Amino acid sequence: MDDSPRTVPPAAADIGVDPLSQGDLEIETYRVVRSDGSFAAERVPDLDNEAFRDFYRWMLLQRIYDERATKLQRRGRLGTIASGHGQEASIIGSGYALSRDDWIFPYGREAGALLLHGLSMRDLLLYWRGIEDASRMEGANVFGMAISIGSHIPLATGKAWGLELDGEDAIAFANLGDGATSTGAFHEGLNFAGVLGVPAVFFCQNNQYAISLPFDEQTNAETVAQKALAYGVDGIRVDGNDVLAVYNAVSTARERALEGAPVLVEAVTYRRSAHTTSDDPTRYRSGDEVDEWEERDPLARYRSFLEQTGRWDAIDEDAIREEVEAEFDEAVDAADAVEERGVEELFAYLHEEMPPELERQLEELRDLLEERPDTYEFIEQRPKG
Ligand SMILES: Cc1ncc(C[n+]2csc(CCOP(=O)(O)OP(=O)(O)O)c2C)c(N)n1
Ligand SMILES: [Mg+2]
């Protein structure tokens with residue numbers, strides 16, 4: 001028996017309470033080239049033929065890089081690799097829309113975008129080998145990778161604010177996964193971006209999974225893009241397997257950000273590879289699902305567009321492949337030529353001057369290694385992955 005004293009208004013009475021629900025939102029997924037290869041001519045960006053070829057070249061580079069880096073890891077010569085296989089259009093379409101003066105806050109899968117931004121392949125490989133300072137050597141505007149999910153989002157907001165205060169004509173661009181939108185840092189970062197009106201673009205590659213957790217089990221929101229609205233930030237949802245659509249979306253977002261309207265872009269895509277080299281995706285998803293997304297392959301779709309518009313003949317795919325393979329070989333040789341670092345590296349870079357507590361820990365580690373030199377050997381010989 002319900003003996004609670006509360007009174008309930010009669011269901012039939014119209015008392016004017018009409019909650020806004022997400023079903024009321026209409027969020028279009030922006031496309032240029034549809035999955036059957038047909039396209040909206042008026043949306044094709046006005047670029048020269050070299051740029052159209054470049055999109056293909058860089059997407060192929062991303063694919064080859066991921067294949068080669070994965071093999072290198074299997075041979076114990078990289079720590080781990082987070083592949084962008086399946087996400088090439090999102091990675092390259094966004095990377096191509098940026099200016100070299102912009103700052104990228106990376107999350108790990110976007111090798112091609114970082115190389116486009118001026119990072120050397122050697123430094124990228126060294127990063128995955130555990131030599132972090134390498135990524136600072138070349139002066140590319142690339143921040144350290146956000147291995148701690150979402151942690152870079154408030155930093156991107158802060159950097160964007162700094163760029164604005166310095167009067168720079170540049171944005172902060174954060175790459176993130178769908179999983180990152182479920183972290184507290186995401187909410188804080190977006191909230192402040194909205195409050196301050198900073199030149200920031202938050203680019204979420206919604207690849208449907210956060211490791212083994214499917215998108216609809218980590219959030220009750222239907223889309224990532226709608227999350228922007230609560231913070232007074234603009235949202236765009238784009239087909240992340242359509243390189244031209246991503247390029248247009250991020251170019252637009254960048255322009256708006258420079259005018260003081262930060263943007264959250266959701267690129268809807270799919271991670272076709274394992275989460276990293278230490279994951280077995282067959283344990284949590286079906287082969288049919290993977291096959292379905294293979295049908296929406298970003299390179300095949302873009303190739304179909306190039307063929308239909310008479311641009312494919314100017315592309316020599318074999319030559320690009322050869323070029324990229326050679327670039328990778330050279331990068332591996334260059335990485336091999338960099339000296340192994342000592343354990344001191346673990347303590348470097350965070351502070352300009354090492355605080356006493358870290359100094360003490362470093363001393364302790366040195367003593368331990370002197371006493372038991374095999375400890376470090378053990379660390380070195382741990383199975384990689
Ligand atoms: C703060 C934090 N929690 C958990 C992890 C472990 N972890 C590594 S990747 C990952 C999932 C990330 O998913 P998403 O943001 O969708 O990016 P994706 O890997 O799919 O590109 C998690 C939970 C982490 N690195 N950092
Ligand atoms: Mg994900």
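Whatever order the structure lists ligands and atoms in, that order sets their numbers, starting from 1. FYI, side chains are in, hydrogens and waters are out, and symmetry mates aren't considered; it's all heavy atoms of this structure. Everything numeric in this text was worked out from a predicted model, so none of it was measured.
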Within a distance under 4.0 Å of any heavy atom of [X], pick out the atoms of ligand 1 and give their elements.
X	value
Arg109	18 (P), 19 (O), 21 (O)
Tyr209	16 (O), 20 (O)
Ile211	7 (N), 10 (C), 11 (C), 22 (C)
Ala180	15 (O)
Ser148	1 (C), 26 (N)
Asn207	18 (P), 20 (O), 21 (O)
Tyr107	17 (O), 21 (O)
Ala210	11 (C), 13 (O), 16 (O)

How does Ile147 reach ligand 1, if at all, at less than 4.0 Å between non-hydrogen atoms: by side chain, backbone, both, or neither? backbone
Starting from the C-alpha separation in whole Å, work towards a yes-or-no answer on side chain to side chain contact (heavy atoms under 4.5 Å, CB included) for Phe192 and Ile153. CA-CA 10 Å; Phe192 268 101; Ile153 300 168; over 6 Å; no
If you take the nearest heavy atom of each of Asp178, Ile149, Asn206, which one is closest to atom 24 (C) of ligand 1? Ile149
Closest candidate by heavy atom, reference atom 16 (O) of ligand 1, pool Gly150, Gly179, Ser151, Ala146: Gly179
Distance under 6.0 Å and angle within 45° of the ring axis: does Arg285 meet both against Tyr209? yes
When you look at Tyr247 and Leu47, which way does the side chain to side chain contact (heavy atoms under 4.5 Å, CB included) test go after all the steps? CA-CA 11 Å; Tyr247 172 76; Leu47 296 167; 3.6 Å; yes
Tell me whether ligand 1 is touched by His275 - counting only heavy atoms on the residue side and a distance under 4.0 Å. yes
N/O/S atom of Tyr209 inside 2.8 Å of the Mg ion (ligand 2), strictly under: yes
Is Asn207 close enough to the Mg ion (ligand 2) to have an N, O or S atom under 2.8 Å? yes
Dump the intermediate steps for salt bridge (charged side-chain N to carboxylate O under 4.0 Å, His left out) on Glu330 and Arg122, then the final yes or no. CA-CA 8 Å; Glu330 267 171 43; Arg122 178 200 76 155; over 6 Å; no
Per side chain to side chain donor-acceptor pair (under 3.5 Å), Gln361 is matched among Glu364, Glu357, Glu363 by Glu357
Checking side chain to side chain donor-acceptor pair (under 3.5 Å) against Thr269, which of Asn241, Asn207, Asp242 comes through? Asn241
For a side chain to side chain contact (heavy atoms under 4.5 Å, CB included) check, start with the C-alpha distance between Leu244 and Arg43, then their side-chain angles and the critical distance, and finish with the verdict. CA-CA 9 Å; Leu244 297 181; Arg43 292 185 176 182; over 6 Å; no
I'd like to know whether Arg34 forms a salt bridge (charged side-chain N to carboxylate O under 4.0 Å, His left out) with Asp239, so could you lay out the CA-CA distance, the side-chain angles of the two residues, the decisive distance to 0.1 Å, and finally the verdict. CA-CA 9 Å; Arg34 301 173 199 100; Asp239 184 331; over 6 Å; no
Candidates Val338, Asp336, Leu124 - the one meeting side-chain contact (heavy atoms from CB on, under 4.5 Å) with Arg129: Asp336
